[in-house]
Amino acid sequence: NEFYAKGIEIFAQLVEEEPKYFENLALILNNMGALKQYQKEYPLAEKYFGDSLNIRRRLAVDFTTRSLGFLAMGCLNQAKLITEKGNPESADTYYCEAIELYALLCKRDTKFKTDYAIAQYYRAIALEKTNVEEALKLHNSALEIRLALSKSNKEALKADLARSYF
């Protein structure tokens with residue numbers, strides 16, 4: 001906790017001199033958000049995830065695979081936090097953005113297919129109580145992706161595949 005706080009302080013100073021450190025600042029803000037989420041300190045988690053996501057949005061204007069991947073991850077983290085706080089309907093915009101970004105990234109590099117399936121899976125879980133039909137479609141889509149990926153590397157996806165069935 002104190003190490004993340006010190007890291008945020010250091011990177012916040014560094015970005016004033018060298019903008020290249022924004023990615024590092026976004027990452028450490030994200031990590032602090034994850035820690036606060038784990039500690040159930042939701043207002044702080046939301047602040048850190050939000051600050052990280054704002055930086056990631058600015059970085060994604062270059063439209064590189066790397067920056068879009070970080071943005072998709074940030075959207076998914078924000079969505080999962082909002083869902084955990086009990087507001088899955090409010091999280092849907094973030095889930096949809098993450099899924100859309102991962103779909104785009106899959107066209108560039110197939111390594112993002114697992115992330116795409118995971119984003120669909122988390123959105124499906126959030127929708128299960130409000131839109132069962134859409135949740136089932138997402139679960140099936142995520143399962144199809146995982147089955148296809150498992151054909152090339154069964155061991156790597158075995159546990160992940162098992163969690164796909166509900």
Side-chain angles (χ1 to χ4, degrees), residues 1-127 138 141-142 145-146 148-149 152-153 156-157 160 163:
N1 198 1
E2 65 193 58
F3 295 110
Y4 283 133
K6 187 65 175 169
I8 291 169
E9 181 184 321
I10 291 168
F11 280 113
Q13 291 172 356
L14 286 172
V15 296
E16 291 178 16
E17 300 166 22
E18 287 287 334
K20 69 181 182 182
Y21 291 109
F22 269 111
E23 189 176 294
N24 300 89
L25 179 58
L27 183 60
I28 200 163
L29 286 165
N30 180 78
N31 291 347
M32 181 68 110
L35 175 64
K36 294 301 176 184
Q37 181 178 2
Y38 176 77
Q39 294 172 336
K40 307 281 190 240
E41 295 180 37
Y42 295 127
L44 286 173
E46 198 162 10
K47 179 208 178 310
Y48 288 116
F49 277 145
D51 290 348
S52 175
L53 189 55
N54 287 336
I55 293 170
R56 289 172 183 207
R57 287 191 192 288
R58 287 196 308 254
L59 294 173
V61 297
D62 67 3
F63 217 61
T64 64
T65 299
R66 181 180 175 86
S67 65
L68 291 177
F70 280 128
L71 178 56
M73 183 189 347
C75 290
L76 188 56
N77 288 342
Q78 187 78 322
K80 289 168 47 184
L81 170 66
I82 293 168
T83 300
E84 187 176 316
K85 287 174 44 182
N87 301 309
E89 299 85 14
S90 300
D92 201 52
T93 302
Y94 292 105
Y95 282 122
C96 290
E97 186 176 359
I99 290 168
E100 186 177 308
L101 287 165
Y102 282 128
L104 171 68
L105 289 164
C106 285
K107 292 176 183 172
R108 294 182 181 184
D109 190 336
T110 58
K111 75 177 183 182
F112 287 101
K113 285 189 175 186
T114 300
D115 297 313
Y116 180 55
I118 289 169
Q120 289 180 325
Y121 174 75
Y122 279 117
R123 181 170 183 242
I125 290 171
L127 287 173
L138 288 165
S141 176
I145 292 167
R146 290 177 171 140
L149 291 171
S152 61
N153 188 356
L157 292 170
D160 191 45
R163 287 191 303 268

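For reference, positions follow the sequence shown, starting with 1.
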> Which heavy-atom pair separates Leu53 from Cys75 by the least distance, and what is that distance?
CD1-N, 3.7 Å
> Determine whether more than 12 heavy atoms belonging to other residues, nucleotides or ligands lie under 6.0 Å from atom CZ of Phe49.
yes
> Do you know the tightest heavy-atom contact between Ala126 and Tyr95?
CB-CE1, 3.6 Å
> Can you name the closest pair of heavy atoms from Gly33 and Ala45 and give their distance?
O-CB, 3.5 Å
> What's the separation between atom CZ in Phe3 and atom CG in Asn31, rounded to the nearest 0.5 Å?
14.5 Å
> Counting C-beta onward and ignoring hydrogens, is there a side-chain heavy-atom pair between Arg108 and Leu68 closer than 4.5 Å?
yes
> Find the distance between CZ (Phe11) and CG (Asn24) and round it off to the nearest 0.5 Å.
4.0 Å
> Kindly give the heavy-atom pair with the smallest separation between Gly69 and Phe112, and that separation in Å.
CA-CE2, 4.4 Å
> Could you tell me whether Glu46 and Lys36 have a side-chain N and a carboxylate O separated by less than 4.0 Å?
no
> Determine, stepwise, if the pair Ile82 / Tyr94 fulfils side chain to side chain contact (heavy atoms under 4.5 Å, CB included).
CA-CA 9 Å; Ile82 293 168; Tyr94 292 105; 3.6 Å; yes
> If the test is side-chain contact (heavy atoms from CB on, under 4.5 Å), which one of Asp51, Leu27, Leu29 qualifies with Arg56?
Leu27
> Check whether any side-chain heavy atom of Asn30 sits under 4.5 Å from a side-chain heavy atom of Phe70, and report yes or no.
no
> Would Asp92 and Leu127 count as a side chain to side chain contact (heavy atoms under 4.5 Å, CB included) here? Give the steps.
CA-CA 8 Å; Asp92 201 52; Leu127 287 173; 4.2 Å; yes
> Between CG of Leu105 and CD of Glu100, what distance do you get to the nearest 0.5 Å?
11.0 Å
> Before giving the answer on side chain to side chain donor-acceptor pair (under 3.5 Å), spell out for Tyr102 and Gln120 the whole-Å C-alpha distance, their side-chain angles and the decisive distance to 0.1 Å.
CA-CA 10 Å; Tyr102 282 128; Gln120 289 180 325; over 6 Å; no
> What's the shortest heavy-atom distance between Ala98 and Ala72, and which atoms?
CB-O, 3.6 Å
> First locate atom CG of Leu76, then atom CG of Leu101, and finally report the distance between them rounded to the nearest 0.5 Å.
10.5 Å
> Can you confirm whether Lys85 is buried at NZ, in the sense that more than 12 heavy atoms of other residues, nucleotides or ligands lie under 6.0 Å from that atom?
yes
> Provide the closest heavy-atom pair for Ser67 versus Ala60 in the form atom of the first, atom of the second, distance.
OG-CA, 3.5 Å
> Apply side chain to side chain donor-acceptor pair (under 3.5 Å) to the pair Thr83 and Tyr122, showing each step before the final yes or no.
CA-CA 9 Å; Thr83 300; Tyr122 279 117; over 6 Å; no
> Atom OG in Ser90, atom CG in Leu81: separation rounded to 0.5 Å?
11.5 Å
> Between CD of Gln13 and CG of Leu25, what distance do you get to the nearest 0.5 Å?
11.0 Å
> Do you see a donor-acceptor pair shorter than 3.5 Å between the side chains of Tyr42 and Glu84?
yes
> Please step through side chain to side chain contact (heavy atoms under 4.5 Å, CB included) for the pair Leu104 and Phe63, ending with a clear verdict.
CA-CA 11 Å; Leu104 171 68; Phe63 217 61; 3.7 Å; yes
